[in-house]
Amino acid sequence: MLESKLLRGNIDFVVEQLKRRNFSFDVAEFNKLEDQRKVIQVQTQDLQNLRNTKSKAIGQAKASGENIEPLLEEVSDLGEKLDNAKSALNDLQLKIDEIVMAIPNIPHPSVPEGQSEDDNIELLKWGEPKKFDFELKDHVDLGEMHGIDFAVAAKISGSRFVVITGKLAKLQRALTQFMLDHHTEVNGYTETYVPYLVNADSLTGTGQLPKFEADLFKTRLHGEEGEAKALYLIPTAEVPVTNIVRDSILKDSELPLKFVAHTPCFRSEAGSYGRDTRGLIRQHQFEKVELVQISNPDNSYDVLEELTEHAEGILKLLELPYRKVILCTGDLGFSSAKTYDLEVWLPGQAAYREISSCSCFEGFQARRMQIRWKNPQTKESEFLHTLNGSGLAVGRTLVAVIENYQNADGSITIPKVLQGYMGGITKIK
RNA sequence: GGAGGGAUGGCAGAGCGGUUGAAUGCACUGGUCUUGAAAACCAGCAAGGGCUAAUACCCUUCCAGGGUUCGAAUCCCUGUCCCUCCA
């Protein structure tokens, strides 16, 4: 949600900025609705004022024992007028909200112009992709040798699910543990356990609803009808974690809040038929360790750099080659003002693939969620900035480890930092 | 499964249907006092919105949504969450 001040006072700027990310909306219609809203809101409030004053007068008259009949006469048709005005205002407000909630965030000035992911700009490369002197396998072939089973998962659930058994299952757990330990012990995040089913308000807060419901798994309680009961499986821990502070006013001394959470993530992957059908890259259910920070608005872009480095730190410790990319305006997510993607080298695909996405949302989510702080300078309640990033996507990290650490005999070497989590073994044979 | 009790400002906690947006305490902010601090005393202190050059003023909000009423924190209904008891 953009600032209403901006929408009302500087709509041309908004339109121009949104054009950068290929989003256009009907300014004339919006302005028309806004103008109507003003008029009707003033009318409604005047009527409410009238009712309040009259009612008070009746109260006073009654207290002093006067006849209140004539006064009652005066307000006889007020109720109906007020109801009409209120419902007109309400209809208008719903229409305006619908438009406003569908407007994406404005890109930060430092975000490069572009149409699609092809226009994203590589900022740096770290590590050298390893040369293999034998015929490479991808994680699917290697995984089948060590306990990854897509066929069984298809029987249990369907496509885009997986069953992992044995050492690789443990390796995934080791990766998770390692990431959580590192972020809590070294980077100062607070480990957080959260619900995996969330209500519509939470998803509206972070921006997945109302626009992207098709990307989500929606549940309903057995025998229950109606939207109010619907819960959704989380597409990322960002949703429950950021919503921890929904509707709160934080103290300056509490900031920044730094949460790390490991959760499964559930995505319908509607619209991605045929993409990444092989392997673990694109699943309906996958594990992720998520970093979330709630920051003072003044230094949120420093926080974005820091948070991205925290994610990069995991890749470095795992000695996985990666590159850092800044998303162009056309590829930026709906709620984000600026996003860095980290892409890990996958020898099986001979390509860099996204393993972390780190974003600053500025006040976009905070306004939807009413996340505020008392600014000690202004003494006002002001919106905070929210940020998050994967630290990392565990399923994809497992893929990266399997492929980058493979040996000629099909065995997989355990990265040094994980050996302690794997009972000291150095290889999965 | 059934029966009760509760939800009020940052926190605790009052609140006969009528100047109650809400007593009081704590916390917080400013001031007096003090060499400084504490204590004491005085004052201030909810959020969102409208209108405005800005004050002023106005509207909304006492869990949520409906209802009764000229008027609802207060009465009624539904829901959510918390607590107690019974089977």
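Because only heavy atoms are used, hydrogens play no part in the values below, and waters and symmetry mates are left out as well, while side chains stay in. Proteins come first, then strands; the chains are lettered A, B, ... in the order of their sequence lines, and each starts at number 1. This one's a predicted model, so the numbers in the text were calculated from it and none came from an experiment.
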For residues 191-200 of chain A, which side-chain donor-acceptor pairs fall under 3.5 Å, sequence neighbours excluded?
unit_1	atom_1	unit_2	atom_2	d
Thr192(A)	OG1	Thr190(A)	O	2.9
Asn199(A)	OD1	Asp201(A)	N	3.3
Asn199(A)	OD1	Ser202(A)	N	3.0
Asn199(A)	OD1	Ser202(A)	OG	3.1

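- Ion pairing between a basic and an acidic side chain is recognised when a charged N comes within 4.0 Å of a carboxylate O; Lys218(A) and Glu213(A) show such pairing.
- Nucleotides U68(B) and A14(B) place their C1' atoms 26 Å apart, quoted to the nearest Å.
- Classification of Arg282(A) and Glu269(A) as a salt-bridged pair holds, one side-chain N sitting under 4.0 Å from a carboxylate O.
- Between Gln41(A) atom CD and U60(B) atom P there is a gap of 11 Å when expressed in whole angstrom units.
- To the nearest whole angstrom, the two P atoms, one in A46(B) and one in A53(B), are 26 Å apart.
- Heavy-atom distances to RNA chain B give each of Gln370(A) and Asp46(A) a nearest nucleotide, and the one nearer the 5′ end belongs to Gln370(A).
- Comparing the P positions of G21(B) and C16(B) gives an interatomic distance of 15 Å, to the nearest angstrom.
- Rounded to whole angstrom, the span from the CD atom of Glu382(A) across to the C1' atom of G48(B) amounts to 15 Å.
- Separating the CD atom of Gln93(A) from the C1' atom of G48(B) is a distance of 12 Å, rounded to the nearest angstrom.
- Legend: residues meeting ring pair (Phe, Tyr, Trp, His ring centres under 6.0 Å) with Tyr322(A), ordered by chain and number and at least two apart, are Trp126(A).
- For Asn120(A), the side-chain hydrogen bond (donor to acceptor under 3.5 Å, both in side chains) criterion is met by Asp331(A), not counting sequence neighbours.
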Between protein and nucleic acid, restricted to nucleotides 73-77 of chain B and to nitrogen or oxygen atoms under 3.5 Å apart, what atom pairs and distances do you find?
none

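- A salt bridge links Glu343(A) to Arg323(A): at least one charged side-chain nitrogen sits closer than 4.0 Å to a carboxylate oxygen.
- Glu34(A) places its CD atom 9 Å from the P atom of C51(B), with the value rounded to the nearest Å.
- Between the CD atom of Gln45(A) and the C1' atom of U61(B) there is a distance of 13 Å, rounded to whole Å.
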Subject >> Which nucleotides of RNA chain B pair, in dot-bracket form (Watson-Crick or G-U under 3.5 Å, | meaning another strand) >> reply: ((((((((.[[[..)..(.....]]].(((((.......))))).(((((......))))).[[[[[..)....]]]]]))))))).
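- One P atom belongs to G66(B), the other to G18(B), and the distance between them is 24 Å to the nearest Å.
- Legend: residues meeting side-chain hydrogen bond (donor to acceptor under 3.5 Å, both in side chains) with Asp83(A), ordered by chain and number and at least two apart, are absent.
- The CG atom of Asn52(A) sits 15 Å away from the C1' atom of G17(B) (whole-angstrom rounding).
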Write down the protein N/O and nucleotide N/O pairs, taken from nucleotides 64-71 of chain B, whose separation is under 3.5 Å; answer none if there are no such pairs.
unit_1	atom_1	unit_2	atom_2	d
C70(B)	O2'	Ser55(A)	OG	3.1
G71(B)	O4'	Ser55(A)	OG	3.0

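- Using C1' as the reference atom, A73(B) and A87(B) are 36 Å apart when rounded to the nearest Å.
- Residue pairs meeting the side-chain hydrogen bond (donor to acceptor under 3.5 Å, both in side chains) criterion with at least one member in residues 174-183 of chain A, sequence neighbours excluded, are Asp181(A)-Tyr421(A), His183(A)-Asn187(A).
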Expected list for residues 289-298 of chain A: side-chain donor-acceptor pairs under 3.5 angstrom, two or more places apart:
unit_1	atom_1	unit_2	atom_2	d
Glu290(A)	OE1	Lys288(A)	NZ	2.6
Gln293(A)	NE2	Tyr189(A)	OH	3.0
Gln293(A)	NE2	Glu306(A)	OE2	2.9
Ser295(A)	OG	Asn299(A)	OD1	3.4
Asn296(A)	OD1	Asp298(A)	N	2.7

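- Phe161(A) is linked by a ring pair (Phe, Tyr, Trp, His ring centres under 6.0 Å) to His284(A), counting only residues two or more places apart in sequence or in another chain.
- Counting to the nearest Å, the P atom of G49(B) and the CD atom of Glu3(A) are 11 Å from each other.
- Within 4.0 Å of Arg367(A), counting heavy atoms only, lies no atom of the nucleic acid at all.
- Residue Leu89(A) contributes atom CG, which lies 19 Å from atom P of C58(B) at whole-angstrom precision.
- C58(B) and C63(B) have their C1' atoms separated by 27 Å, with the value rounded to a whole Å.
- The stretch residues 156-173 of chain A participates, sequence neighbours left out, in no side-chain hydrogen bond (donor to acceptor under 3.5 Å, both in side chains) pair at all.
- For the C1' atom pair drawn from C42(B) and A47(B), the interatomic distance equals 27 Å after rounding to whole Å.
- The base of U19(B) sits with one of its N or O atoms less than 3.5 Å from a complementary donor or acceptor on the side chain of Gln60(A).
- Under the side chain to side chain contact (heavy atoms under 4.5 Å, CB included) test applied with Glu34(A), the options Ile96(A), Leu92(A), Leu7(A), Ile11(A) reduce to a single match, Ile96(A).
- As rounded to the nearest Å, G9(B) and U61(B) have P atoms that lie 15 Å from one another.
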Under 3.5 Å, which donor-acceptor pairs do the side chains of residues 98-114 of chain A form with other protein atoms, sequence neighbours left out?
unit_1	atom_1	unit_2	atom_2	d
Asn105(A)	ND2	Ser335(A)	O	3.0
Asn105(A)	ND2	Phe361(A)	O	3.2
His108(A)	ND1	Ser110(A)	N	3.1
His108(A)	ND1	Ser110(A)	OG	2.7
Ser110(A)	OG	Lys338(A)	NZ	2.9
Glu113(A)	OE2	Arg20(A)	NE	2.7
Glu113(A)	OE2	Arg20(A)	NH2	3.1

